[in-house]
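Notes follow once the structure below has been shown.
In this text the structure is predicted, and so the values were computed from the model without any measurement. Naming convention: chains lettered A, B, ... in sequence-line order (proteins, then strands); numbering from 1 in each chain.
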Amino acid sequence: MNGAEIILKALVDQGVEHVFGYPGGAVIPIYDEIFQQDAIKHVLVRHEQGAVHAAEGYARSTGKCGVVLVTSGPGATNAVTGLTDALLDSIPIVCLTGQVPTPLIGSDAFQECDTVGITRPCTKHNYLVKSIEELPRILHEAFYVATSGRPGPVVVDIPKDVQFALGDYLGKDNIVHKTYVPQLDGDELAIEVAIELMAGAKKPIFYTGGGVINAGPEASAALRELVALTGFPVTSTLMGLGAYPASGEKWLGMLGMHGTYEANLAMHDSDVMICIGARFDDRITGRLDAFSPGSKKIHVDIDPSSINKIVKVDVPIVGDCKNVLEAMIASWKKKNPTTDKAALDSWNAQIETWRWRDCLSYTANADVIMPQYALELLQEKTAGKDVRFTTEVGQHQMWAAQYLKLEEPNRWMTSGGLGTMGYGLPAAVGVQMANRQSLVIDISGDASFMMNMQEMSTAVQYNLPVKIFILNNQYMGMVRQWQQLLHNNRLSETYSEALPDFVVLAEAFGCKGMRCTKPADLPAAIDEMIAFDGPVIFDCRVANLENCFPMIPSGEAHNTMLLNDEVDDESIGSAISEDGKSLV
Amino acid sequence: MMSENEKPHQPASAYFIEESHEKIEQHTLSVVVDNEPGVLARVIGLFSGRGYNIEQLTVSETMNKRHISRITIVTSGTAMVLAQIRAQLESIVPVHSVLDLTLEGEAIERELALIKVAGAGEDRVEALRMAEAFRARVVDASNSSFVFELTGKTRKVNQFIELMKPLGLTEVVRTGVTAISRGPKAMKV
């Protein structure tokens with residue numbers, strides 16, 4: 001077998017069905033092999049960044065490993081943003097990159113770059129395959145590393161001569177990793193201590209994250225069971241939405257910088273915080289010295305380096321969220337603890353008063369589409385459907401997180417850690433490829449859309465009926481909002497000048513283009529978009545200068561939120577202190 | 001809402017790591033790794049990428065048949081940062097294990113230095129006398145110079161170098177610390 005055959009065989013053995021890629025000189029032998037087989041379907045993207053995001057969407061909506069194939073040099077460097085995105089959001093990706101033939105490595109050959117050097121800090125691990133003998137082992141190891149423990153992207157750099165070289169194939173069962181063995185089961189004693197702490201809690205809260213999604217649907221089921229057992233309220237990070245249903249009785253909404261009033265105040269006032277698969281990101285904690293100051297903190301994470309990284313916790317539990325949640329359920333049931341019912345009742349009553357604050361209310365408008373209204377409507381029109389959302393990055397992303405009601409895991413694909421504009425469209429392509437029957441909607445913004453809009457061509461080629469719902473306010477809205485809050489409304493370079501006509505653009509791509517400018521027309525327009533069997537670019541013209549609230553101004557604590565109905569121009573201008581301005 | 005002027009001074013906030021008032025400690029870490037290409041780059045890339053200090057670093061293969069190397073790193077930080085460094089090192093795929101030798105108790109730490117001293121007359125005699133007192137070996141000599149080889153703790157090497165300065169010190173090379181724990185227990189590989 002030659003190297004290219006070994007690669008295809010290894011992919012088949014790993015259960016790969018789709019590869020997202022773009023050919024080039026250094027991967028022609030692999031593409032030649034792809035041409036001669038049917039087991040693996042190659043999806044031709046239009047830019048390598050799109051390939052990685054599509055593979056991320058594919059992975060996040062299925063729980064499987066996403067696979068990318070790109071050429072050397074620019075193929076690899078274009079993939080770097082996607083790889084970094086996958087690293088920060090813990091998405092399992094195996095990215096095969098072509099490399100110049102081994103004798104040419106280091107000679108500045110055509111389309112040569114130091115791929116392992118460049119991708120070292122933006123992958124979980126990477127390999128340069130120096131001989132055909134190590135190729136099968138490395139390929140299987142790459143899948144093992146990408147999908148085990150805290151998932152992440154793995155690059156395998158394969159020189160062209162290795163793709164031609166002859167060697168023996170080795171099955172995946174013959175590979176045992178010698179150093180990388182993540183701990184899956186939580187320490188029993190730590191779980192006991194956690195349960196005791198939870199049993200005695202007066203103001204408890206679950207704070208869950210993407211780790212619950214990554215641990216599979218069983219982990220989400222276990223979370224729901226534990227929440228039902230304990231009756232504790234639950235909030236989630238952006239990455240964890242859907243693990244606990246938005247319609248659930250104990251749901252507080254998302255927390256953090258643009259989280260709900262009730263979620264952030266409950267975090268701030270809680271006495272026992274149970275963090276499951278989240279990592280105390282700065283968008284969550286706000287000002288660290290005022291972050292949930294009175295709580296005992298339990299932290300469940302599969303990555304030991306996530307524990308005590310930002311916030312010192314009282315009960316660390318290293319393990320897979322699913323295993324630990326199930327162990328917690330068993331322990332709770334066995335102990336059947338008597339909780340402080342009076343305290344919990346008064347805690348729930350307190351939370352209800354925060355809920356009444358109705359922090360997501362906004363001023364409706366009969367003439368202009370409010371972005372919140374558009375999303376509420378989209379939620380209403382898609383409720384109960386087999387729907388999956390991706391997003392780009394910015395105001396529309398936060399509004400989507402606030403107004404869409406995610407009921408199940410793997411149905412919300414967004415760039416959380418890296419905040420990559422241009423993520424949502426290619427991700428939607430990957431999601432739709434994996435879930436042909438689902439309604440896949442990319443909540444987009446006018447600026448984000450332009451970053452990877454070339455992938456519309458991919459959607460059209462494969463007849464992927466993705467709906468690109470652009471909340472078009474003609475601004476890079478989140479930056480504009482910050483300029484208003486921080487820089488006396490000097491809107492430096494955030495106006496989207498010379499936007500294309502999105503309807504004509506859609507037609508140029510060979511898909512359907514729609515535009516809506518009036519609130520009254522929107523319900524029918526959304527119906528039409530959903531009903532259309534094919535890709536759609538929907539130009540939803542929304543209020544230009546709307547701000548995203550609630551917002552914890554940078555450098556502030558959870559209990560100092562700005563709310564929509566109480567901000568005026570003056571308070572916006574002074575919301576962030578001089579010191580806070582230097583923060584991002 | 002208070003105006004900016006009325007606001008109390010804001011301490012460091014969430015969006016950068018708080019300036020810590022905790023004590024900075026210096027620790028010696030021993031790291032067992034697969035001796036594969038790029039492994040050292042992974043380790044030092046972690047330190048530079050995350051803003052940790054490397055005070056000293058030594059690396060060499062120690063188990064040839066199994067292609068295993070030992071890296072000794074002297075680093076500094078608060079207790080929380082040091083624990084984080086350890087956890088981050090352990091998360092590198094070709095890293096077998098990490099041991100904080102400073103937490104393990106008084107580890108044996110040694111450094112080797114080669115020290116060139118040029119001079120004549122009384123200074124030369126004095127340099128040689130000092131070398132004897134520090135048990136430094138003369139590994140090269142000419143009419144006007146010595147190269148001393150000195151092994152010892154970092155402090156001892158520093159001391160000797162200080163003493164050589166007025167006696168014609170011209171050049172110093174040092175290996176950095178290599179360290180091993182006391183007692184019968186060996187590090188997990």
May I ask you to name which of B:V189, B:V81, B:D34 has the most heavy-atom pairs under 4.5 Å with chain A?
B:D34

Could you have a look at B:G49, B:A41, B:G38 and say which one has the most heavy-atom pairs with chain A under 4.5 angstrom?
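The residue among B:G49, B:A41, B:G38 with the greatest pair count is B:A41.
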
Can you see whether A:Q99 engages A:D157 through a side-chain donor-acceptor pair at a distance of less than 3.5 angstrom?
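Yes, side-chain donor-acceptor contact under 3.5 Å.
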
Under 3.5 Å, is there a donor-acceptor pair between the B:R137 and B:T151 side chains?
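Absent: no donor and acceptor within the cut-off.
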
Given a strict heavy-atom distance threshold of 4.5 Å, which part of [X] is in contact with chain A: side chain, backbone, both, or neither?
| X | answer |
| --- | --- |
| B:V95 | backbone |
| B:E36 | side chain |
| B:A83 | neither |

Check the pair B:T28 / B:E109 against side chain to side chain donor-acceptor pair (under 3.5 Å), numbers first and verdict last.
CA-CA 9 Å; B:T28 304; B:E109 301 195 351; 2.6 Å; yes

Roughly how far apart are B:F148 CZ and B:E132 CD, rounded to 0.5 Å?
10.0 Å

Before accepting this row, confirm whether a basic side-chain N of the pair B:R174/B:E111 lies closer than 4.0 Å to the acidic partner's carboxylate O.
yes

Side chain, backbone, both or neither: which part of A:K130 has an atom under 4.5 Å from a heavy atom of chain B?
side chain

For A:V311, is it the side chain, the backbone, both or neither that has a heavy atom under 4.5 Å from a heavy atom of chain B?
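It is the backbone, since no side chain atom gets that close.
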
Based on non-hydrogen pairs under 4.5 Å, which of A:I284, A:N126, A:V145 is most in contact with chain B?
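Looking at each option in turn, the highest pair count goes to A:N126.
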
List the steps, then state whether side chain to side chain contact (heavy atoms under 4.5 Å, CB included) holds for A:L139 with A:Y127.
CA-CA 9 Å; A:L139 288 167; A:Y127 301 87; over 6 Å; no

